[in-house]
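As the structure is a prediction and not an experimental result, all values here were calculated from the model. A note on names: the letters A, B, ... follow the listed sequences, proteins ahead of strands, and every chain is numbered from 1.
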2 protein chains.
Amino acid sequence: MSSKELAVSELHRLIRNGHYAPQSQLPSERSLAEQLQISRSTLRKALATLESEGELWRHVGRGTFVGKCPAVESEVFPLPADLTNPSEVMEVRLILEPEIAVLAAHRATKTDITFMRQCLVKGDAARDTATFEMWDGALHRVIAEAARNTLLLALFQAVNAVRGHAIWGELKEATLTKQRRKRYVVQHYNMVNAIERRDAVDSQRLTREHLKAVRDDMLNKHY
Amino acid sequence: MSSKELAVSELHRLIRNGHYAPQSQLPSERSLAEQLQISRSTLRKALATLESEGELWRHVGRGTFVGKCPAVESEVFPLPADLTNPSEVMEVRLILEPEIAVLAAHRATKTDITFMRQCLVKGDAARDTATFEMWDGALHRVIAEAARNTLLLALFQAVNAVRGHAIWGELKEATLTKQRRKRYVVQHYNMVNAIERRDAVDSQRLTREHLKAVRDDMLNKHY
DNA sequence: CTACATACCAATAAAATATTGGTATGAATA
DNA sequence: TATTCATACCAATATTTTATTGGTATGTAG
């Protein structure tokens, strides 16, 4: 067995046994060559083999890393979190989410729907607001994913990010009485039922009604 | 007149006459003091006055700049430009823009509508695709602005950013025959007419039809 | 009281240096 | 002849160092 092949094996082993964790950075070529007691050019040949097998990736000036090279950095877009307000956010949600429900009614998989049902059960059983909110969020998100439009999902998540803000959080907390939660749970069940039976029109209508209820509860009581 | 007041006057004059352009950086306090032949502490008093009047802003380590301090850096969200596709983008546009038109029909100002009309005239008169596209973009943008929802405008702009991509640009170029442009111009006029007469239902319907025409021309001819 | 000169500090920008992978070359060894 | 080694150099990137900037404080002079 050649020097190179020995190095390939040893590096393979070190990666497999977790000595070099996934996504972690390996030592530099110069120090790794010294550590394995081979020349740097031999090491480079071994690394090239491992890279071609998808075990690691290398980048000039950065280093050598375990695993697959991360996807190209996404573009980013500015989000006017400090300039918008709850009313605008609800208005946007009322535009997006009923249409998301239409697409979800057409495109949801059995797995999607199973998870939606899980969210319903967990949300219904929640003992505090934070838990309820978490499952509420998860439900809306899986519906958005079920729409199967990457861009639309990104926009949905951006809107959610704005909702996550502190000023908004206080409104949520004060609004979510037990009575209202019960009503939202019923509305959630109806939405998921409509999606499951592939009824796009009902999905849209029920989502719109749910969001109007949320909006009215939130805005009328406090403004 | 005191030394400080003289400095305030002189700096005021230099800013007003454009010697220090809007948003540009002034020389450092040390060199400005030397230039005006006053002490740095006197200059600082003059700068403080001008800053309190909104003429300029100062930041430790960065410098002194003409005009108002820019808004705090927005939060950003990732935009999946490399993961979406023309079909998804059109689907999202068909969700957003008809609803934007509804809001614009309710909320557009006379100034908005005047500018919409200007876009129509300029788009109609365009002699090449790039110019037409520019006025097309400006029209859609002023409609989105007329909806008067900051968050919705941000989402609209995000979708536009994705549209601006190279792979997308080629599709646009091949699709825009003279005949099609003529048809789009007519559709644009109808959309603006509906917005102007505050007819939300027609605005929505006409926008949807326009976008469907664009989508069909774009996707059917090439896929 | 105003203005000046000077010293020092925190925040930021710019410049310099170090580190990383990539390529090339020539010599030694099996 | 193929493999391995040692060495040199370069481009890309990261880190460190130095310079610059506004901010504050102090003491002196008019």
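- Following rounding to the nearest Å, Phe65(B) (CZ) and dA11(C) (P) show an atom-to-atom distance of 17 Å.
- Among the atoms of the strands shown, only primed sugar atoms or phosphate atoms (P, OP1, OP2) are found under 4.0 Å from some heavy atom of Thr42(A).
- Under a 4.0 Å N-O distance rule, the pair Glu99(A)/Arg208(B) does not qualify as a salt bridge.
- Taking atom CG of residue Leu43(A) and atom P of nucleotide dT7(D), one finds them 17 Å apart after rounding to whole Å.
- Every residue two or more places apart in sequence or in another chain that forms a side chain to side chain contact (heavy atoms under 4.5 Å, CB included) with Ser31(A) is listed here: Pro27(A), Ser28(A).
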Every protein N/O lying under 3.5 Å from an N/O of nucleotides 18-23 of chain D:
| unit_1 | atom_1 | unit_2 | atom_2 | d |
| --- | --- | --- | --- | --- |
| dT21(D) | O2 | Gly61(B) | N | 3.1 |
| dG22(D) | OP1 | Thr64(B) | N | 3.4 |
| dG22(D) | OP1 | Thr64(B) | OG1 | 2.8 |
| dG22(D) | OP2 | Glu29(B) | N | 2.7 |
| dG22(D) | N7 | Arg30(B) | NH1 | 3.2 |
| dG22(D) | N7 | Arg40(B) | NH2 | 3.4 |
| dG22(D) | O6 | Arg30(B) | NH2 | 2.9 |
| dG23(D) | OP2 | Arg44(B) | NH1 | 3.1 |
| dG23(D) | OP2 | Arg44(B) | NH2 | 3.2 |
| dG23(D) | OP2 | Arg58(B) | NE | 3.4 |
| dG23(D) | OP2 | Arg58(B) | NH1 | 3.2 |
| dG23(D) | N7 | Arg40(B) | NH2 | 2.6 |
| dG23(D) | O6 | Arg40(B) | NH1 | 3.2 |
| dG23(D) | O6 | Arg40(B) | NH2 | 3.4 |

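- No contact: Lys45(B) has no heavy atom under 4.0 Å from any strand.
- Of the possible polar contacts, none joining the Glu55(A) side chain to the Arg16(A) backbone as a donor-acceptor pair under 3.5 Å is found.
- Contact annotation: the side chain of Glu53(B) approaches that of Thr49(B) to within less than 4.5 Å [non-hydrogen atoms, C-beta and beyond].
- When the P atom of dT4(D) is taken as reference, atom CD of Gln37(A) falls 15 Å away, rounded to whole Å.
- Atom pair Ile38(B):CD1 and dA5(C):C1' shows a separation of 14 Å (rounding to whole Å applied).
- If you take NZ of Lys4(A) and C1' of dT4(D), they are 13 Å apart, rounded to a whole angstrom.
- Rounded to 10°, the angle separating the first-five-pair axis and the last-five-pair axis of the helix from dC1(C)-dG30(D) to dA30(C)-dT1(D) equals 10°.
- No side-chain N or O of Glu97(B) forms a donor-acceptor pair with one of Thr207(B) less than 3.5 Å apart.
- Within a 6.0 Å sphere centred on CD of Gln35(B), heavy atoms belonging to other residues, nucleotides or ligands number more than 12.
- Within 6.0 Å of the CD atom in Gln157(A), the count of heavy atoms belonging to other residues, nucleotides or ligands exceeds 12.
- Per the geometry, CG belonging to Leu6(A) stands 16 Å off P belonging to dA30(C), to the nearest Å.
- Remark: side-chain polar atoms of Arg107(A) are paired, donor with acceptor, to backbone N or O of Ala147(A) under 3.5 angstrom.
- Look at Glu51(A) and Arg44(A) and you find no salt bridge, because none of the NZ, NE, NH1 or NH2 atoms lies under 4.0 Å from a carboxylate O.
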